[in-house]
Amino acid sequence: MNALLEDLKARGLVAQTTADEELHEHLSSGCQTLYCGFDPTADSLHIGSLVPLLTLKRFQDAGHKPLALVGGATGLIGDPSFKAAERKLNTDDVVENWVNKIRTQVSAFIEFGDKENSAEVVNNLDWISKMDAISFLRDVGKHFSVNAMIQKESVKQRIDREGAGISFTEFSYMLLQSYDYAALNKMNGCSLQIGGSDQWGNITGGIDLTRRMNQEKVFGLTLPLVTKADGTKFGKTESGTIWLDATKTSPYAFYQFWITTLDADVYKFLRYFTFLSVEEIEAIEAKDKEIKGRPEGQAILAREVTRIVHGEEGLASSERITEALFSGDLSALSESDLAQLAQDGLPTTEVVESEKSLVELLTSCELAKSNKMAREFIKNGAVSINGEKASDSEMVLQKSDALFGKYTVIKRGKRLFNLYIWK
RNA sequence: GGAGGGGUUCCCGAGUGGCCAAAGGGAGCAGAUUGUAAAUCUGCCGCGAAAGCUUCGGUGGUUCGAAUCCACCCCCCUCCA
């Protein structure tokens, strides 16, 4: 039995594996090379990629060599797996730009150097772009049966479902990803591919192709799709996707995302997203069960994950804001506390006028999408100014009323804040 | 290339000339309750203070009036070649 694999299973991180017993042996017989692909579909990865990224690190910590593959080539094609509709193609330079950003991002999660198990980042454009159409069709395509490909669950809905469809471009995606595996096996001796459970079809395709092209037996392991107990989609909030890039989702917003994790999910997420041991997590859970009232799991989860993604500083600033906004009296904050909040990344809006209506203040930032919504929020009693509930929808705020003649903190709903700085 | 079916507000999906800013569901948001949970209940859910304005793939047209009819175009699906 391999300890790493046992730990992954205990964490619920193993959805499927190929040749389970042999994989145990394989991982127990020294440093193995594994890879996981990340396709550039935006200028940043989001928390959906966190599980595979952390899993690469788990393998590295156990002595294996992780390769992070950035899909410079596959990103130009688009993975159809479990996607309801054909996707728009992005241009070369857009994808290239994204590749560079994601390469940097991915690199933060694994360790580089000159050790046997030091990580590497590879780009499949390096080998796929060298291949010509004839070789692709003869050397790769010949190994695939269309009959088998259309049976794959990952493209079924696109083939069976009335109104959907799949282009040859996207249908070919599986061949490219499969070829990646064979190529990495040949070049780097890579013998394990990991990925989300939606990648099962692509991974097994790669395993088959590697056997046929290189006569090598390689393995696959998929990670579970992260789901929430209430059935809603993981990783989205009102303000959209939770990105790993601090300029797209602030460390504070990131921290808040984890704080609001459902009780029913929090211990599972601790297993998935932190490096705390399974025993430690079980102890937290047991303790939370004893005390009634607010559990500690969410805070620990938020702290651990924010630290992993945004470092100690990002965590510290997130905690400062959270502390100030949620457990204190806003009017008790000092001028320097308020300045610090702005510094820490609390959403901030500058006000140049010397007076402005509450409705306008709300719509000038993310707090309200339209005047109508702003009035609705005020009417419902959802808005408070410096901790005081606002009830007059036609209210006008003066600069002179601001805290220290400069700051106004407006809250909408239970947990959305904006700091206004009067100039 | 031929024949047929389809593109509706975030998603699914109803709507075939006025009663349609457009049923229903989901998601989302807000209030009460609470723990910055869950469950439940209530309200909101195109813009506008209102008059009204903009929206049902695109562009034109018919009509007093169009998401609904016509023409052309774009995109998707199915079958045939």
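No experiment lies behind these values; they were computed from the predicted model shown. Below, chain A is the first sequence line, B the second, and so on; all start at residue 1. Heavy atoms only: backbone and side chains are in, while hydrogens, waters and symmetry mates are out.
A gap of 8 Å separates the C1' atoms of B/U9 and B/C56, to the nearest Å. With C1' as the reference atom, B/G4 and B/G13 are 23 Å apart, rounded to whole Å. Annotation: B/G31 and B/G17 have their P atoms spaced 44 Å apart (nearest Å). Using P as the reference atom, B/A14 and B/G24 are 15 Å apart when rounded to the nearest Å. Rounded to whole Å, the P atom of B/C79 lies 31 Å from the corresponding atom of B/C10. Across B/G18 and B/A39, the matching C1' atoms stand 45 Å from one another, rounded to whole Å. Rounded to the nearest Å, the gap between the P atom of B/C74 and that of B/G52 is 40 Å. Atom name P, nucleotides B/A67 and B/C20: the rounded distance is 13 Å, in whole Å.
Ring pair A/F273/A/F234 is parallel by interplanar angle, where below 30° counts as parallel and above 60° as perpendicular.
Atom CG in A/D265 sits roughly 20 Å away from atom P in B/G35 (whole-Å rounding). Rounded to whole Å, the distance from CZ on A/F171 to C1' on B/C76 is 18 Å. Atom pair A/K379:NZ and B/U42:P shows a separation of 17 Å (rounding to whole Å applied). A/L362 places its CG atom 17 Å from the P atom of B/C29, with the value rounded to the nearest Å. Distance, A/Y255 OH to B/U36 P: 13 Å, rounded to whole Å. Regarding A/E366, its CD atom lies at a distance of 14 Å from the P atom of B/C29, rounded to whole Å. In this structure, CG of A/N380 is placed 12 Å from C1' of B/C45, rounded to the nearest angstrom. The NZ atom of A/K83 sits 19 Å away from the C1' atom of B/C76 (whole-angstrom rounding).
Look at A/R294 and you'll find a side-chain N or O under 4.0 angstrom from OP1 or OP2 of B/U36.
Across all strands shown, B/U59 is found opposite B/A71 as a Watson-Crick or G-U wobble partner, with both distances under 3.5 Å. Both distances falling under 3.5 Å, in either a Watson-Crick or a G-U wobble arrangement, occur for no nucleotide opposite B/G65. Checking B/C45 for Watson-Crick or G-U wobble geometry (two distances, each under 3.5 Å) identifies no partner in any strand. A 3.5 Å limit on both hydrogen-bonding distances identifies B/C80 as the Watson-Crick or G-U partner of B/G1. The nucleotide B/A32 finds its pairing partner in B/U40, both defining distances of the Watson-Crick or G-U wobble pair being shorter than 3.5 Å. For B/C20, there is no paired base (Watson-Crick or G-U wobble, both distances below 3.5 Å).
Nearest-nucleotide assignment on RNA chain B puts the 5′-proximal partner with A/D263, out of A/E376 and A/D263. When the nearest nucleotides of RNA chain B are assigned to A/L262 and A/I166 by heavy-atom distance, the more 5′-ward of the two goes with A/L262.
Using a 4.5 Å heavy-atom threshold, the side chains of A/Y272 and A/P224 count as touching. Using a 4.5 Å heavy-atom cutoff, the side chains of A/L333 and A/L403 are not in contact.
A salt bridge between A/D43 and A/K248 is present, with a side-chain N of the basic residue lying under 4.0 Å from a carboxylate O of the acidic one. Of the charged side-chain nitrogens involved, at least one lies within less than 4.0 Å of a carboxylate oxygen, so that A/D208 and A/R211 count as a salt-bridged pair.
With hydrogens and angles ignored, a donor-acceptor pair closer than 3.5 Å exists between the side chain of A/Q256 and the base of B/U36.
At distances below 3.5 Å, not a single donor-acceptor pair connects side-chain atoms of A/Y35 with backbone N or O atoms of A/L184. Side chain of A/D198 to backbone of A/S81: no donor-acceptor contact under 3.5 angstrom is found.
When all heavy atoms of A/L330 and A/V409 are compared, the closest pair comes out as CD1-CG1, 4.0 Å. When all heavy atoms are compared, the tightest approach of A/V309 to A/L50 is CG2-CD1, 3.9 Å.
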Pick out the pairs of N or O atoms, protein on one side and nucleotides 47-55 of chain B on the other, that lie under 3.5 Å.
residue : atom : partner : partner atom : Å
B/C47   : OP1  : A/S370  : OG           : 3.3
B/G48   : OP1  : A/N371  : N            : 2.9
B/G48   : OP2  : A/S370  : OG           : 3.4
B/G48   : OP2  : A/K372  : N            : 3.0
B/A49   : OP1  : A/R375  : NH1          : 3.3
B/A49   : OP2  : A/R375  : NH1          : 2.9

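Side-chain proximity of A/K414 to B/G35, B/A37, B/A30: nearest is B/A37.
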